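From a predicted model like this one, the values you see are computed outputs, not experimental measurements. Throughout, a chain's letter reflects where its sequence line sits, starting with A, and its residues are numbered from 1. Just so you know, these numbers use all the heavy atoms, side chains as well, and skip hydrogens, waters and symmetry mates.
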Number of protein chains: 2
Amino acid sequence: MTTEAEYLKNYDASRFPSPLVTVDSVLFTLHQGELCVLLVERASQPQQGRWGLPGGFIDIKRDASTRDTALRKLTEKTGISPSWLEQLDTFSGPERDPRGWSLTVSWFALISWVDCAPHIATVSDAKWLPVRSLAGYELAFDHAAIVQAGLHRLRQKTMYSLLPVYCLPETFTHAQLQEATEIILGQPIQRKSLIRRIEASGMLEETGESVATGARKARLWRRKPGVDIHLFSRNLLAE
Amino acid sequence: MTTEAEYLKNYDASRFPSPLVTVDSVLFTLHQGELCVLLVERASQPQQGRWGLPGGFIDIKRDASTRDTALRKLTEKTGISPSWLEQLDTFSGPERDPRGWSLTVSWFALISWVDCAPHIATVSDAKWLPVRSLAGYELAFDHAAIVQAGLHRLRQKTMYSLLPVYCLPETFTHAQLQEATEIILGQPIQRKSLIRRIEASGMLEETGESVATGARKARLWRRKPGVDIHLFSRNLLAE
DNA sequence: CCAATAGTGTCTATTAGACAGTATGCG
DNA sequence: CGCATACTGTCTAATAGACACTATTGG
């Protein structure tokens, strides 16, 4: 009989072959009417020179979870933290990375373009790619599939929540949220439906400010501090 | 400059400290009016003797993905494959396993009780625990949190799909599906609403058989082969 | 025929879609 | 004052909830 203490004293984690573990993030933003995903150029082998998702290995000395790893890697690239971050899926198998059996924990993130554009613009190994241009790229590893999973999550969740607010600056108008939603869904939505949802959600509050848009001034809104995302029980665009 | 081939030749995966990776599954079934989760008694350290989720290490020689690992471990315990299996979430951190920084990929699974009861009944280290009795158990590691995540997924998805069919035998009546749904949601639903959804989903077909229940015979239904799950655009019980 | 369960008809409630109508601000 | 854009009112459509009604089967 071995006690747990004795067992742990003699435990050697390297005795069994273990997969290569990485953490990758699909970070979306909206810019100039386009939904864009953040890509980084791989500086080292394998697949050196290819574009792929921002990510890398867990630093078990510093990261308290894979969320921390995702945040750390994104902060390195964008300069700031995403406004939204949730786990997406894991992808695994013997073939997806030439170094061997590998597993990546993927995260799904949103950020407003104005919040991170300055930093991205100054680095040459990171860029925003419009998702409609993805077809022309051969991404590293299976990152194309991970981006597709992220797109699917984004579009689904946009149908039953106000998730697109996390792609907008701190304050925004109804029209901006409508445009963000329409870009993500790829089709127009009813402004009235959106405004009804904003009221029902309890997620947003007026700042009291207005902005001129060339005609009647539009009220500015922001996320209520400490209020969680609201999930609706019906979808938009339920054909 | 190193080519990818040269790089891979010299690559040593064990150079960097890597997390301990496991795969665990939350397998639910319905039995005697109760929602139950499969637990196994840990035969070895750490946490020997505690009950926890069926799972274990990836066998990189045999498993083509963590789905394969989940299936392999479930098959060892239940004797057969679950009717539903989807990825749930990953849980990670330095404290969740006493052996060190660890990560588990959790899977969410459903099975009909009649399909696996015979095998479970013959093994002493596995059992079905009604979820309402979970409070009295100290599960191994953070498995209590993983079970809660599974329960949440099950209840959410039951609101916008016919997921409970995967807890039923191959053929079943409307009344059985209604009862399964009510046990999962913990409250009664309208039979008419359920039947409307069955028709609209296109997921089920009549077998042509009927069963006597003590009164009028009930028609039997089964999942149409090759037909995927249907997601509704509105929830049941949208208070 | 009666009891019990299966299955249907149909009215109401809720919320999205459509779109017309009103309000406001600037030239 | 006119126009563009912001915002509102209100009708329709789709689908869930409620519940009464009919159908079938065994005794």
Side-chain angles (χ1 to χ4, degrees), chain A residues 155-164 168 171-182 185-221 230-239, chain B residues 155-164 168 171-182 185-221 230-239:
Chain A
R155 287 179 176 141
Q156 278 302 120
K157 217 150 178 168
T158 295
M159 303 245 270
Y160 61 84
S161 75
L162 297 179
L163 194 63
L168 297 178
T171 67
F172 50 87
T173 65
H174 285 167
Q176 285 177 284
L177 181 52
Q178 180 178 356
E179 197 204 351
T181 306
E182 291 177 338
L185 295 178
Q187 62 188 285
I189 61 159
Q190 292 283 329
R191 180 176 35 198
K192 187 62 197 260
S193 298
L194 182 64
I195 291 174
R196 277 190 295 232
R197 293 190 136 195
I198 290 172
E199 279 176 20
S201 71
M203 277 181 69
L204 304 184
E205 66 187 9
E206 288 188 61
T207 64
E209 309 276 300
S210 300
V211 286
T213 56
R216 178 174 172 177
K217 285 162 114 183
R219 285 177 286 172
L220 282 173
W221 300 74
H230 182 267
L231 306 182
F232 298 96
S233 64
R234 295 178 59 168
N235 284 1
L236 283 177
L237 306 180
E239 71 277 44
Chain B
R155 287 179 177 142
Q156 277 303 119
K157 218 151 178 168
T158 295
M159 304 246 270
Y160 61 83
S161 74
L162 297 179
L163 194 63
L168 297 177
T171 66
F172 51 87
T173 64
H174 285 167
Q176 284 177 284
L177 181 52
Q178 180 178 358
E179 196 204 351
T181 305
E182 290 176 338
L185 295 179
Q187 62 188 285
I189 61 161
Q190 292 283 329
R191 179 176 39 193
K192 187 62 197 255
S193 298
L194 181 66
I195 291 172
R196 277 189 294 233
R197 292 190 140 198
I198 290 171
E199 279 176 18
S201 72
M203 276 180 70
L204 305 184
E205 65 186 10
E206 289 188 61
T207 64
E209 309 277 300
S210 300
V211 284
T213 57
R216 177 174 172 177
K217 285 162 118 182
R219 286 177 287 172
L220 283 171
W221 300 75
H230 181 268
L231 306 182
F232 298 95
S233 64
R234 295 178 60 166
N235 285 1
L236 282 177
L237 307 181
E239 68 273 54

Flag, side chain of A:Q176 to backbone of A:T173, donor-acceptor distance under 3.5 Å: yes
Atom-to-atom span, CD of A:E206 to C1' of D:dA6 - whole angstrom: 12 Å
Side chain A:K192 and base D:dG9 donor-acceptor under 3.5 Å: yes
Euclidean distance, B:W221 CH2 relative to B:T171 OG1, rounded to 0.5 Å: 12.5 Å
Pairwise side-chain contact, A:H230 with A:L162, heavy-atom cut-off 4.5 Å (strictly under): no
Touch class at under 4.0 angstrom, heavy-atom based, for B:A175 against every strand present: sugar-phosphate
Donor-acceptor pair present, A:R216 side chain and D:dA4 base, under 3.5 Å: no
Touch class at under 4.0 angstrom, heavy-atom based, for A:S193 against every strand present: base
Base of D:dT15 paired with side chain of B:R234 (donor-acceptor, under 3.5 Å): yes
Side-chain touch A:L237/A:Q187, heavy atoms, less than 4.5 angstrom: yes
First encountered from the 5' end of DNA chain C, between B:G214 and A:F232: B:G214
Any A:H174 side-chain N or O less than 4.0 Å from OP1/OP2 of D:dA6: no
Rounded distance in Å - CZ (B:F172) to C1' (C:dA6): 16 Å
Closest-nucleotide ordering on DNA chain D, the 5'-leading residue of B:N235 and B:A215: B:N235
Separation of atom CD in B:Q187 from atom P in D:dA16, rounded to whole Å: 16 Å
Touch class at under 4.0 angstrom, heavy-atom based, for B:R196 against every strand present: base
Integer-rounded Å distance: C:dT5 P and B:Q176 CD: 14 Å
Minimum side-chain heavy-atom gap A:F172-A:L204 below 4.5 Å: yes
Residue A:Q190, side-chain atoms from C-beta onward, closest of D:dA18, D:dA6, C:dC19: C:dC19
Sugar-phosphate only, base, or nothing, as touched by B:L237 at under 4.0 Å among non-hydrogen atoms: sugar-phosphate
Short side-chain N/O contact to D:dA6 OP1/OP2 from A:R219, under 4.0 Å: no
Rounded interatomic separation in angstrom, taking NZ from B:K217 and C1' from D:dT24: 10 Å
Touch class at under 4.0 angstrom, heavy-atom based, for A:R197 against every strand present: sugar-phosphate
